[in-house]
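Each chain gets a letter, A, B and so on, in the order its sequence line appears, and its residues count up from 1.
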There are 2 protein chains.
Amino acid sequence: MIQSSESSESLTIADIARLAQVSVSTVSRILNGKPDVAEVTRQRVLKVIHDTGYSPDVSAQRLASGATVAKSRVITLLFPMDHAEFTQLELDFFIGAAASCSKHDTFFNLMTEPMDADHLLNLFRSGQTDGVILMQIRMDDWRPELLTRHDYPFVMIGRTSDNQHYRYIDLDFDAAVETAIGYLVEQGHRRIGFIARPASARAQQIGPSVRIMSGYQRALERYRLAPLYREVKLTVPDVYEATLELLDEAPELTAIFTVHGASSPGAIRALRDRDRLVPDDCSVVALATERIAQLVTPALTAINFPTDTMGYQAATMLINALQQPSAPVEQILLQPRLAVRESASTPVGAT
Amino acid sequence: MIQSSESSESLTIADIARLAQVSVSTVSRILNGKPDVAEVTRQRVLKVIHDTGYSPDVSAQRLASGATVAKSRVITLLFPMDHAEFTQLELDFFIGAAASCSKHDTFFNLMTEPMDADHLLNLFRSGQTDGVILMQIRMDDWRPELLTRHDYPFVMIGRTSDNQHYRYIDLDFDAAVETAIGYLVEQGHRRIGFIARPASARAQQIGPSVRIMSGYQRALERYRLAPLYREVKLTVPDVYEATLELLDEAPELTAIFTVHGASSPGAIRALRDRDRLVPDDCSVVALATERIAQLVTPALTAINFPTDTMGYQAATMLINALQQPSAPVEQILLQPRLAVRESASTPVGAT
DNA sequence: TTGAAAGCGCTACCAT
DNA sequence: ATGGTAGCGCTTTCAA
């Protein structure tokens with residue numbers, strides 16, 4: 001009870017055996033909860049173990065038991081932090097994934113370190129994780145191919161340009177933009193400002209950035225709209241500035257679509273500072289999580305970005321794949337759903 | 001190059017040695033980057049390794065090299081998810097901690113599974129982590145004592161009732177409540193509604209819940225105020241309801257202090273639905289992160305809850321402790337700082 | 001520069 | 001119910 005400290009440094013199973021006056025095999029049995037040990041013996045040995053603070057060397061256990069790499073019951077979500085400022089968005093993915101792990105008796109691991117191939121493979125080799133959730137997927141991402149080749153389980157939140165065979169869950173961003181702009185057009189808007197993620201993300205071929213811009217192009221053509229957009233860092237001040245620029249470029253604009261709910265107060269305030277009230281004098285539609293949409297005033301009319309659900313589903317998908325490796329590959333492409341709230345309306349003087 | 005797959009299942013260093021026509025020792029040397037190998041040999045062996053897809057068994061490596069448990073360069077943030085609904089709050093802790101890890105070449109691990117003592121110790125024993133950040137600290141938390149006894153490094157975000165010797169960073173919640181209410185009183189408010197975390201959290205002795213209520217008691221005494229509060233789940237709808245109740249109980253109230261920024265729109269909307277505009281007809285002060293405070297309209301006058309900074313500092317503290325185990329124990333108790341924004345003002349008809 | 005062999009700490013099989 | 005012992009896959013002297 002009392003013994004203060006870790007002489008455990010170099011204790012081996014042999015030491016325990018000696019101290020408890022039994023054989024190594026017996027100690028091993030006890031350690032592994034085997035039934036064929038006399039209760040008295042077990043107690044005696046257990047006492048020694050506790051008193052000495054001994055704990056078995058995991059490496060040796062694994063090696064001896066032939067478990068090349070033991071199931072760790074850990075899944076890891078990889079979110080390379082340098083590729084994007086953390087935003088509310090990503091956080092909800094984490095929550096969802098963590099919640100699923102909790103429900104499925106699995107540990108959840110979040111890694112924000114950007115990884116090269118070696119790091120990634122080592123995660124598996126070292127037994128640190130049983131599977132990974134990949135985020136910030138680029139159109140030409142190299143990771144799915146690598147992991148597939150090594151037969152390491154993974155799912156993507158996002159998708160590459162040609163992912164016939166990989167598990168993924170993603171929002172149909174192309175369609176999301178078309179839906180949002182379509183809605184605004186339906187309401188009678190013709191001059192619509194668009195605020196998108198930084199061009200740098202697109203240059204890096206990050207999926208959503210690429211697809212959002214292609215969706216925008218398609219929407220422009222489909223509705224015969226003139227381009228009017230800014231690609232900026234999605235912070236409140238940057239969006240504020242961008243909105244002002246848009247207003248300068250096209251004072252006649254009656255609506256703004258922004259791809260990020262959490263920075264939309266920037267737009268709303270810029271509008272207010274130019275004497276435009278939302279939604280009466282200008283509509284704002286966003287791509288946003290329900291939570292953020294509700295937090296902003298006026299509550300955002302928005303394409304729902306169900307990030308927590310996506311995180312939850314991604315983790316669940318991965319855990320399933322772990323349990324049934326031969327099960328068919330699931331691919332989920334969520335269709336956009338617009339939630340009408342308070343931030344958009346018919347333009348002044350429209351039909 | 002082409003080889004499609006992993007026969008690697010059972011490849012050992014001996015197989016590589018045989019295939020490359022060298023001894024096991026030589027392969028080992030190459031694996032470990034030792035200099036005393038002929039370049040030709042090295043190339044030949046490397047090719048075999050690559051072609052076969054061989055990768056060494058980590059357990060065996062560790063065992064043989066005597067590294068009882070290798071430094072994992074991982075720190076783990078423990079956030080037991082059942083103890084609290086995830087709120088924006090906690091998320092910012094994660095961001096901060098992750099950011100520090102990134103800066104300090106360390107992996108960041110988030111675990112949401114509630115843990116018993118065995119789980120916790122195993123995290124260390126199995127070499128999964130070098131240190132942990134504890135959250136959701138209870139006044140009488142058992143974890144610091146356990147970890148200290150085993151000499152496993154940790155820091156707390158929060159603190160126990162008697163943590164003379166543990167590393168921690170915490171906000172002075174007692175003082176925070178007094179400051180907020182003091183500010184309101186200074187502005188001329190006398191009838192102030194208070195919205196706090198659920199009583200269940202307090203029953204569980206979760207630090208902030210306990211200290212916030214004790215701070216409230218102190219504030220009541222100090223300013224001779226009558227109690228007027230609700231303890232509720234901090235969601236927008238629940239806070240909405242709570243605010244309505246407060247309004248029913250004390251229609252004359254002129255201010256509300258809530259401990260959670262992200263659910264404060266619930267209060268603001270309840271007020272609006274009772275024809276009270278914030279801040280003109282009723283002030284709202286919150287305990288909130290800067291980000292949330294800015295997101296809400298009107299921007300919240302709030303006690304700053306620097307969660308991301310706290311997460312960052314906690315991780316940094318831990319990483320330092322890992323590098324210099326003998327360094328003195330750091331303890332940081334942040335004093336509350338009020339940021340005046342738009343949501344509070346002088347009550348109607350006050351001096 | 002290379003090879004042979006002795007363990008690392010533990011499990012699992014075979015005896016007893 | 002217990003003990004003896006042969007490896008698990010690798011690293012690391014020590015020789016050659």
- Query: Reading DNA chain C 5' to 3', which nucleotide is the first, and which the last, to come under 4.0 Å of any heavy atom in chain B?
  - Reply: C:dT1 to C:dG9
- Set of residues satisfying salt bridge (charged side-chain N to carboxylate O under 4.0 Å, His left out) with respect to B:Asp15, sequence neighbours excluded: B:Arg18
- Task: Could you tell me which residues satisfy side-chain contact (heavy atoms from CB on, under 4.5 Å) with B:Ala327, sequence neighbours excluded, listed by chain and number?
- Result: B:Gln324
- Between A:Thr26 and A:Ser23, is any side-chain donor less than 3.5 angstrom from a side-chain acceptor? yes
- Presence of salt bridge, A:Arg143 and A:Asp141, under 4.0 angstrom: yes
- In dot-bracket, 5' to 3', how would DNA chain D read with Watson-Crick or G-U wobble pairs under 3.5 Å, [ ] for crossing ones and | for pairs to another strand? ||||||||||||||||
- Query: Can you name the side-chain contact (heavy atoms from CB on, under 4.5 Å) partners of A:Arg42, sequence neighbours left out?
  - Reply: A:Ile30, A:Val37, A:Glu39, A:Leu46
- Message: If we ignore hydrogens and angles and just use 3.5 Å, is the side chain of B:Thr160 paired with the main-chain N or O of B:Asp140 as donor and acceptor?
- Response: no
- Message: Using a strict heavy-atom distance below 4.0 Å, which residues from residues 26-40 of chain B are in contact with DNA chain D?
- Response: B:Ser28, B:Asn32, B:Lys34
- Scan residues 12-25 of chain B against DNA chain D and write down, sorted by residue number, each residue with any heavy atom closer than 4.0 Å; if none is found, say none. B:Thr12, B:Ile13, B:Val24, B:Ser25
- For residues B:Tyr166 and B:Gln331, report the shortest heavy-atom separation together with the two atoms involved. O-OE1, 2.9 Å
- Message: Can you pull out every salt bridge (Lys or Arg N to Asp or Glu O under 4.0 Å) where at least one residue sits in residues 154-169 of chain A? Sequence neighbours excluded, please.
- Response: A:Arg159-A:Asp170
- Query: Is a side-chain donor or acceptor of B:Thr106 paired with a backbone partner of B:Val74 at a separation under 3.5 angstrom?
  - Reply: no
- Query: When you list every nucleotide of DNA chain D with an atom under 4.0 Å from a heavy atom of chain B, which one comes first 5' to 3', and which comes last?
  - Reply: D:dG9 to D:dT12
- Task: Quick one: list whatever passes side-chain contact (heavy atoms from CB on, under 4.5 Å) with B:Ala20, sequence neighbours left out.
- Result: B:Val22, B:Val45, B:Val48
- Could you give all pairs that pass the salt bridge (Lys or Arg N to Asp or Glu O under 4.0 Å) test and reach residues 307-319 of chain B, with sequence neighbours left out? none
- Task: Not counting sequence neighbours, which residues clear ring pair (Phe, Tyr, Trp, His ring centres under 6.0 Å) with A:Tyr312? List them please.
- Result: none
